[in-house]
Every structure is written in structure tokens, then in C-alpha cells.
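What follows is one structure encoded as C-alpha cells, with my remarks underneath.
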There are 2 protein chains.
Amino acid sequence: MADVKATARWKRRLTEYIRAAGGHVTAPRMRVAEVFFSMAGHPGIEELATEVHKRHKGIGNATVYRTMRLLCDSGLAVMREFGDGFARYEARNPEAHHDHIICTHCGKIIEFGEDAIEELQENVTRRHGFLMKSHRLEIYGLCGECLKAER
Amino acid sequence: MADVKATARWKRRLTEYIRAAGGHVTAPRMRVAEVFFSMAGHPGIEELATEVHKRHKGIGNATVYRTMRLLCDSGLAVMREFGDGFARYEARNPEAHHDHIICTHCGKIIEFGEDAIEELQENVTRRHGFLMKSHRLEIYGLCGECLKAER
DNA sequence: CTAAGTGCAAAAATTTTGCAAACTA
DNA sequence: TAGTTTGCAAAATTTTTGCACTTAG
């Protein structure tokens, strides 16, 4: 919905960050970032590189790696769960919080937001005299397919 | 404190798991597991392998990898954080599960267990077609003292 | 123009695999 | 004994690096 604004946001933030570090705002960097932010979910470097190459021929793999590191350093992306052999990233949008369910067998990741849980968390936290600022919830288990395949 | 009992617990659980899968309870497996459970924190494969080799010469690296996969499959360990190039693991003690509230200002950590939250987690997970194996919940905020000091 | 960034391919680092020998049940 | 597991080293994967060439500022 607020796609245009969101785009403007990362572009501006990334540019600022690069400039502040005395770096150059180059086309390859912006292209990789653009592809990354256009992808839903938690793309692995693998999928990301494939998509980048598909949309922009001639961008080297090393640039994809280097740009993702840049995005992480700038706080626009974070490295996430693991277990499938390559790095996965998630765009960081502080506005839209969500938690994760992760299949420990195939690595599938589901995002969810459960108000009831958030509320209980607030309660527990308050009960311990704390003021809740943020949280992180990860549930590990087996997804439907892997459960079936298990037998 | 309950070290002896805890030891007995993973040993029994691991043995059960291996047997159930028609596998063999071998010395190398038990040795790797023993070293792993004796290490605090989130040892990386790297440190783990080093420690294993230090305490038991002649155990191959592949066995360390294979045993850690076994521990993960059996639910006695989970793969954790990333970002340093190799896999990290955390021992999971199903009996003594607890979540954390962490003060982002002074670093104080409170452990708590909230059945209602656990239940809701089960529900969400099931609703997404998953079977929950474990989870991790961390709440960040400010503790009472830091709140007072804040003004 | 100068310093930073890029692409490529080679190197490094991490994890998995094949197989004969050793071992568990 | 039959079938699993091991250790080793080789293979496969994933990530980083070196370097000549381009490009942003």
C-alpha cells in the first residue's frame, strides 16, 4: 500500500548512510537494494542473486554479498534464521512488527502477528515492574509437509 | 546444581531417540554430546570441535557435524544466531523452559514462564499447520529502577 | 582527477559425502 | 553376523578477496 513511500524511505536512508561513511551511491548498489526490498519474505542470498541477475545482467555475485552487508550495517536489513546453508535476510521495517514460526526440517518461515500474545507479554512484563519496549518471539517446529514426509 | 540429574536426562533422552530410530548408541556420539552439554552459552561448531578434539583425540570433524544434527533432530539442541560464518547451537532443556525479560538499560535479566502464552503459541502454530517443538521469547524493556532513574 | 566500487575468477571457509574399517546390538 | 557409524580425505557449497577497470563525486 504505502509502497511508494516505503521505497523513498530506504532509498533516502541508504543514500544518507553511504554518504555519511564517505562512500559512493552507485547503480549496482541501488539495484541490488531495490531487488531486495521488492522481494517478500526472507530471501536467501541465493534467491536474491538469482533475481538480481534476472533483472540486471552483469551484476556480480560479490556485489550482492557486499551490498547485503551494507544494508545490514545500515540497519535496513537483518540477517535471520539459518539452517539451510546460506544467509537469509529480512527487510527491517520497525513499523510492521511480526513474529516467526520456523520449520526446523525444511527451513520454511511463517510470519504472524498475534495480538493476544502481545497483550499477555505486556501483562507479564508489567507484573515484573518493567516497561515493555519490544520483543522477539520465534517458534520452532515441523511444518505440515515435513510432518507428512516424516513417516 | 542439579547437574547430575541434567546429565542423566540428556543421556536418557538421546539414547531413547537413537534407539527409536533403530540407530546405535556409540561412544563418539555420546562424547560429542557430553562435551556439547558441558559447554555454556551458544558454542559454535568451531569451538565445539576444538573442545572435542582436546578432550578426545581421534574423533573426526564429520562426526561432530553429524552428532549436532542428531541432537537438533532429537530436540536436545537448536541452531541459533548466525552472522559469524558457522553454525551455533544452544542446549535445550525441555523440563526447565523459561523465557526472558531483559532490561535494555542496565542489562538485568528476569526469567519467567507463562502458561497462557505457551498455550497461545501452540494454537498459532497449529493454526499454521505446524507441530511446535520449541520456542524462544525475549521481551526487551526498562526495569523499575531504570524507569525511576530515567527522570 | 582521486578514491571508492565493480566484475570476474580464484581462494578461503564451512559443511557434506563416499567408502573401507570398526563397532553396536 | 548384519547393519550402523566412524574417520579420513575428497567434493560440494557458500562467502570473501585480489586486481585491473569503471565510475561517482
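Below, all heavy atoms of this structure are taken into account, side chains as well, without hydrogens, waters or symmetry copies.
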- Message: So that I can tick it off, tell me whether B:R31 and B:E34 are bridged by a salt bridge, with the cut-off set at under 4.0 angstrom between side-chain N and carboxylate O.
- Response: no
- Query: In terms of side-chain geometry, is the basic nitrogen of B:K11 or B:E16 positioned less than 4.0 Å from the acidic oxygen of its partner?
  - Reply: no
- Query: How would you list, by chain and number, every residue that makes a side chain to side chain donor-acceptor pair (under 3.5 Å) with B:N123, sequence neighbours excluded?
  - Reply: B:R126
- Which one, C:dT6, D:dT16, D:dT6, comes nearest to the side chain of A:Y65? D:dT16
- Would you say A:M30 and A:V25 make side-chain contact, with heavy atoms under 4.5 Å? yes
Nearest whole Å is fine: how far is [N] [atom2] from [X] [atom1]?
| X | N | atom1 | atom2 | answer |
| --- | --- | --- | --- | --- |
| B:E47 | C:dA13 | CD | C1' | 16 Å |
| A:R88 | D:dT15 | CZ | C1' | 17 Å |
| B:N61 | D:dT5 | CG | C1' | 16 Å |
| B:R29 | D:dG7 | CZ | P | 11 Å |
| A:M79 | D:dT15 | CE | P | 7 Å |
| B:I59 | C:dA21 | CD1 | P | 21 Å |
| B:R31 | D:dT6 | CZ | P | 11 Å |
| A:K57 | C:dC8 | NZ | P | 12 Å |

- Which residue, B:G22 or B:T63, contacts DNA chain D at a nucleotide closer to its 5' end, judged by nearest heavy atom? B:G22
- Tell me, for nucleotides 18-25 of chain D in 5' to 3' order, what letter each nucleotide earns: B for a base near a protein heavy atom under 4.0 Å, S for only sugar-phosphate near one, - for neither? B-----BS
- Side chain of B:T63, backbone of B:I59: donor and acceptor closer than 3.5 Å? no
Would you give me the side-chain donor-acceptor pairs under 3.5 Å for residues 36-47 of chain A, sequence neighbours excluded?
| residue | atom | partner | partner atom | Å |
| --- | --- | --- | --- | --- |
| A:S38 | OG | A:V35 | O | 2.8 |
| A:S38 | OG | A:R55 | NH2 | 2.7 |
| A:H42 | NE2 | A:E90 | OE1 | 2.6 |
| A:H42 | NE2 | A:H100 | NE2 | 3.1 |
| A:H42 | NE2 | A:E111 | OE2 | 3.2 |
| A:E47 | OE2 | A:G44 | N | 3.2 |

